[in-house]
Amino acid sequence: MQYDRIDARILEIVQKNNRLTSDVIGEMAGLSATACQRRLKRLRADGIIEADVSIVSAKVVGRPIQMLVLVTLERERSDIIDRFKKAIKSSAEVVNGFLVTGDADFVLYLTARTMEDYEQFTRRFFYENPDIKGFKTMVIIDRVKAGFAIPIEPPSED
């Protein structure tokens, strides 16, 4: 999966606003709309662009309680890790999940309507799972920044 300087510019643009037309993106990147469409299609096909998403306000849609949860597994075995990954993917409450190094095995970003709903979730998702050794919840007071944009380094020209 390789990309060039023009691809890097396109990636910078669509990370800020993926609703721009190919005409606008192309103009900003110095391309025709058709050439821009071809590049975007290739960037998606190559998995460089993984998804086109909208960031929704959890508060506005009725899920104002947001948490980061550090999860420690009972044992670090591949079958246990795979089972927990599957559980994360199938849970609507888990917005993001990461397998990490350090004190915890996973970090989860969750939303809930109320603390009572979160308590019910913890009973079902954590306490009833024998593979979970423990978990720590940090309630988010204020979301300071939300997004998925990563810095794009143009490839070096050799």
Side-chain angles (χ1 to χ4, degrees), residues 1 3 7-22 24-25 28-29 36-37 39-154:
M1 289 189 269
Y3 64 95
D7 292 334
R9 178 67 181 130
I10 291 171
L11 293 170
E12 288 176 339
I13 294 165
V14 297
Q15 282 192 110
K16 291 178 184 155
N17 183 354
N18 71 353
R19 295 183 52 155
L20 297 174
T21 65
S22 295
V24 173
I25 298 168
M28 294 171 75
C36 181
Q37 286 173 340
R39 284 176 179 261
L40 282 167
K41 184 177 180 180
R42 181 182 48 76
L43 290 167
R44 288 182 177 106
D46 289 351
I48 295 172
I49 295 177
E50 292 182 13
D52 294 292
V53 299
S54 296
I55 298 172
V56 175
S57 169
K59 290 178 185 176
V60 172
V61 297
R63 299 189 66 82
I65 310 295
Q66 301 171 75
M67 292 132 307
L68 293 174
V69 182
L70 306 176
V71 181
T72 305
L73 300 177
E74 197 63 57
R75 289 169 299 289
E76 290 186 21
R77 285 192 345 227
S78 61
D79 60 324
I80 293 172
I81 291 170
D82 290 344
R83 264 197 311 272
F84 193 65
K85 284 180 179 181
K86 188 175 180 180
I88 289 169
K89 290 176 183 177
S90 66
S91 171
E93 292 89 349
V94 179
V95 178
N96 285 296
F98 305 94
L99 175 62
V100 297
T101 62
D103 293 338
D105 297 310
F106 286 87
V107 176
L108 308 179
Y109 167 60
L110 299 146
T111 65
R113 290 183 311 218
T114 64
M115 285 307 288
E116 291 80 19
D117 286 347
Y118 178 62
E119 180 186 5
Q120 290 303 311
F121 171 80
T122 61
R123 289 174 185 268
R124 184 178 72 253
F125 197 78
F126 298 122
Y127 292 129
E128 292 178 6
N129 186 337
D131 295 330
I132 304 294
K133 182 177 182 179
F135 67 98
K136 291 182 182 179
T137 303
M138 297 178 285
V139 176
I140 296 171
I141 295 170
D142 184 23
R143 183 174 75 179
V144 178
K145 181 178 180 180
F148 293 100
I150 58 171
I152 304 295
E153 299 291 328

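Bear in mind that the values here come from a model prediction, so they are computed numbers and not experimental data.
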Rounded to the nearest 0.5 Å, the CD1 atom of I152 sits from the CD atom of E12 at a distance of 7.0 Å

Worksheet item: Do side-chain atoms of T122 reach the backbone of E119 as a donor and acceptor pair under 3.5 angstrom?
Response: yes

To the nearest 0.5 Å, atom CD1 of I80 lies from atom CG of D105 at 10.0 Å

Interatomic distance, OG@S22 vs CZ@R39, rounded to 0.5 Å, equals 13.0 Å

Shortest non-hydrogen pair, A29 vs I10, comes out as CB-CG1, 4.0 Å

message: Quick check: do F106 and V69 have side-chain heavy atoms less than 4.5 Å from each other?
response: no

When every non-hydrogen atom of F125 is compared with those of A87, the smallest separation belongs to CE1-O, 3.6 Å

Original post:
Does the pair F135 and Y127 meet the rule for a ring-ring contact (aromatic ring centres under 6.0 Å, His included), with working shown?
Top reply: CA-CA 10 Å; F135 67 98; Y127 292 129; 5.5 Å; yes

Between the CZ atom in F126 and the OG1 atom in T137, the distance rounded to the nearest 0.5 Å is 6.5 Å

- prompt: Are I49 and L40 close enough that some pair of their side-chain heavy atoms sits under 4.5 Å apart?
  reply: yes

Heavy atoms of I55 and R143 approach each other most closely as CG2-NH1, 4.2 Å

Does any N or O in the side chain of S90 come within less than 3.5 Å of the main-chain N or O of K86, such that one atom is a donor and the other an acceptor? yes

Please confirm whether the backbone N or O of I48 pairs with a side-chain atom of D46, one donor and one acceptor, at under 3.5 Å?
no

Looking only at heavy atoms, the pair that brings D52 and R44 closest together is OD2-NE, 2.9 Å

Heavy atoms of I132 and E74 approach each other most closely as O-OE1, 4.0 Å

Taken to the nearest 0.5 Å, the spacing of K136 NZ from L70 CG works out to 7.0 Å

One should read off an interatomic distance between K133 NZ and E76 CD, to the nearest 0.5 angstrom, of 9.5 Å

Taking the side chain as every heavy atom from C-beta outward, state whether N129 and F84 have any atom pair closer than 4.5 Å. yes

Q) Any side-chain heavy atom of V139 sitting closer than 4.5 Å to one from M67? A) yes

Within-4.5 Å side-chain heavy-atom neighbours: L20 and M28:
yes

Chi angles and distances behind the side-chain contact (heavy atoms from CB on, under 4.5 Å) call for L43, D7: CA-CA 8 Å; L43 290 167; D7 292 334; 4.1 Å; yes

Between the side chain of Q15 and the main-chain N/O of I150, is any donor-acceptor distance below 3.5 Å?
-> yes

Next on the checklist: With a 3.5 Å distance limit and no angle check, can you tell me whether D142 reaches the backbone of V144 through a side-chain donor-acceptor pair?
Outcome noted: no

In short, G97 meets L108 closest at the heavy-atom pair CA-CD2, 3.8 Å

Is it the case that atom CG in D103 sees more than 12 heavy atoms from other parts of the structure closer than 6.0 Å?
no

